[in-house]
Colleague: 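What follows is a structure written as structure tokens; I'll ask about it next.
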There are 2 protein chains.
Amino acid sequence: MPKENQKAVERIEYELTTLIRRAVYLDISDKKIGHLERAVYLLLRHLDEFGPSRLKELAETFNLDISTLSRQASAIEAKGYILRFSDPTDGRVSLFKLTELGREKLITDKKMRIERYHTMLEDWSYEEKKVFGELLVRMNEALID
Amino acid sequence: MPKENQKAVERIEYELTTLIRRAVYLDISDKKIGHLERAVYLLLRHLDEFGPSRLKELAETFNLDISTLSRQASAIEAKGYILRFSDPTDGRVSLFKLTELGREKLITDKKMRIERYHTMLEDWSYEEKKVFGELLVRMNEALID
DNA sequence: TTATATGTTTGTATTATACAAGTATATGAC
DNA sequence: GTCATATACTTGTATAATACAAACATATAA
């Protein structure tokens, strides 16, 4: 059924475009989840998941210019969420790692975000949530290129 | 199984955050889909779907300030994609509608976007695409608040 | 008919971003 | 070993999207 397949893809295109708009807004608005801005949350999450990272790595992860990450990291460092230290094997490299405060902030924020998703999805069955999560993983793989 | 349910929600939170970052990047990068910027695409799509609209309506739809929409609409009007006309029942109101050029651009762009999704999802079964689309619809409903 | 409300535009400030130039360190050729 | 080049990062500058506030035009209601 190529026609139904076409419809399904069209719906995904439509709904994903809508979802991105709404989700980005939600992150910016008063109703935003937690205390951390999205960029900060993602950076802390990356450090938590992958350990100490250099600017170049972060820039590539987020598809942003190194100069942008340089400023972001400095701002987050100034807040005390991350710590800068020199790579002992290469004096040019600044590595960043989470501070205890940063880790606490990340955990708190993650909890709040997950709590919000619990509420939003409270009338979904476990099976539906499971399948949606799995399909999102595949969608993310597809988006890498 | 509350524990598995928890894991499923955590995964959704994680993957959606990732998806938004990747998708927003894809819209900005060289690899961006089609010719229209996301804001323009969404505005044209709204006019196509809901017919002539006033600024206030567009601003609410996109959760943006009216002044922002005022400038966006002027820019899109200058490109010839939309047309401004006065509401005959209320002289304060500017209504906007698609021009023929605007509709053509929208159709072309939508085709390209859908084509890209076809490619990205080519190894998904029809059933998977169908379910994903349905769950996205529900996710979007959940996001409205 | 005048005060107030509504819809839009315009002025201004802020923020996130990219690109380019500059600085510090490392590496490799000789 | 020294110098040219490469790499990692920072800083200067420009741009674009945005919000907020003030201004302006039109409508509504007392």
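In what follows, chains carry the letters A, B, and so on, assigned in the order in which the sequence lines appear, proteins first and then strands, with residues in each chain numbered from 1.
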Colleague: Give the nucleotide from the list C/dA18, C/dT9, C/dT12 with an atom nearest to the side chain of A/R71.
Modeller: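 Nearest listed nucleotide: C/dA18.
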Colleague: Mind calculating the distance between CG (B/L64) and P (D/dA16) to the nearest angstrom?
Modeller: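 Those two atoms, CG and P, are 18 Å apart.
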Colleague: Considering all heavy atoms of both residues, which atom of A/T61 and which atom of B/R21 are nearest to each other, and what is their separation?
Modeller: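 Looks like O-NH1, 2.8 Å.
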Colleague: Identify the heavy atoms of B/D87 and B/R54 that sit nearest to each other, and give their distance.
Modeller: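 For B/D87 and B/R54, the tightest heavy-atom pair comes out as OD2-NH2, 4.3 Å.
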Colleague: May I ask you to verify if any side-chain N or O of B/Q72 is less than 4.0 angstrom from the OP1 or OP2 atom of D/dT18?
Modeller: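 Answer is yes, contact under 4.0 Å.
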Colleague: What pair of heavy atoms forms the shortest contact from B/E57 to B/H46, and how long is it?
Modeller: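 Nearest heavy atoms, B/E57 then B/H46: OE2-NE2, 3.0 Å.
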Colleague: Is it true that B/K130 and B/E134 have a side-chain N and a carboxylate O under 4.0 angstrom from each other?
Modeller: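 So B/K130 pairs with B/E134 through a salt bridge.
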Colleague: Between the base of D/dC9 and the side chain of A/S67, is there any donor-acceptor pair under 3.5 Å?
Modeller: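 Side chain to base: no pair below 3.5 Å.
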Colleague: C/dT9, OP1 or OP2 - any side-chain N/O from B/S70 closer than 4.0 Å?
Modeller: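 Yes, such a contact exists.
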Colleague: Only distances under 3.5 Å count here; give the side-chain donor-acceptor pairs of residues 92-102 of chain A to other protein atoms, sequence neighbours excluded, each with its distance to 0.1 Å.
Modeller:
unit_1	atom_1	unit_2	atom_2	d
A/R92	NE	A/D90	OD1	3.1
A/R92	NH2	A/D90	OD2	2.9
A/T99	OG1	A/G80	O	2.6
A/T99	OG1	A/Y81	O	3.1
A/T99	OG1	A/L101	N	3.4
A/T99	OG1	A/G102	N	2.9

Colleague: Atom OH of B/Y25 to atom C1' of C/dA18: distance rounded to whole Å?
Modeller: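 Atom OH in B/Y25 sits about 13 Å away from atom C1' in C/dA18.
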Colleague: Quick one: A/R38 CZ to C/dT15 P, roughly how many Å, whole number?
Modeller: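 In whole Å, C/dT15 P and A/R38 CZ are 17 Å from each other.
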Colleague: Side-chain donor-acceptor pair under 3.5 Å between A/R45 and B/T18, yes or no?
Modeller: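 Result is yes, a qualifying pair exists.
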Colleague: Where each residue is assigned the nucleotide of DNA chain C containing its nearest heavy atom, which of A/N63 and B/S74 is assigned the position nearer the 5′ end?
Modeller: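 It is B/S74, whose closest nucleotide lies nearer the 5' terminus.
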Colleague: Is the side chain of B/T17 donor-acceptor paired with the backbone N or O of B/E13 at a distance under 3.5 Å, no angle test?
Modeller: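 Answer holds: yes.
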Colleague: Using whole Å, what does the distance between atom P of nucleotide C/dA21 and atom CG of A/D65 come to?
Modeller: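 Checked: the CG to P distance equals 14 Å.
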Colleague: Quickly work out the B/L43 CG to D/dT18 P distance and round it to whole Å.
Modeller: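 In whole Å, D/dT18 P and B/L43 CG are 11 Å from each other.
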Colleague: Give the rounded distance in Å between these two atoms: CD1 of B/I76 and C1' of D/dA17.
Modeller: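 After rounding, the gap between these two atoms is 13 Å.
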Colleague: Answer yes if B/V137 and A/L16 sit in the same cluster of Ile, Leu, Val, Met, Phe, Trp and Tyr residues linked by side chain heavy atoms under 4.5 Å apart, and no otherwise.
Modeller: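 Different hydrophobic clusters.
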Colleague: In whole Å, what is the span from the CZ atom of A/F62 to the P atom of C/dA16?
Modeller: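 From A/F62 CZ to C/dA16 P: 15 Å.
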Colleague: I need the CD1-P distance between B/I66 and D/dA23, as an integer number of Å.
Modeller: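 Interatomic distance, CD1 of B/I66 to P of D/dA23: 18 Å.
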Colleague: Let's see if you get this right: which residues in residues 44-60 of chain B place a heavy atom under 4.0 Å from DNA chain C?
Modeller: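 Residues of residues 44-60 of chain B that come under 4.0 Å of DNA chain C are, in numerical order, B/R54, B/L55, B/K56.
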Colleague: List in numerical order all residues of residues 86-99 of chain B for which some heavy atom is under 4.0 Å away from an atom belonging to DNA chain C.
Modeller: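 Under 4.0 Å from DNA chain C: B/R92, B/V93, B/S94.
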Colleague: Under the side-chain contact (heavy atoms from CB on, under 4.5 Å) criterion, do A/Y117 and A/M120 qualify, and how do the steps go?
Modeller: CA-CA 5 Å; A/Y117 277 97; A/M120 285 194 295; 3.5 Å; yes
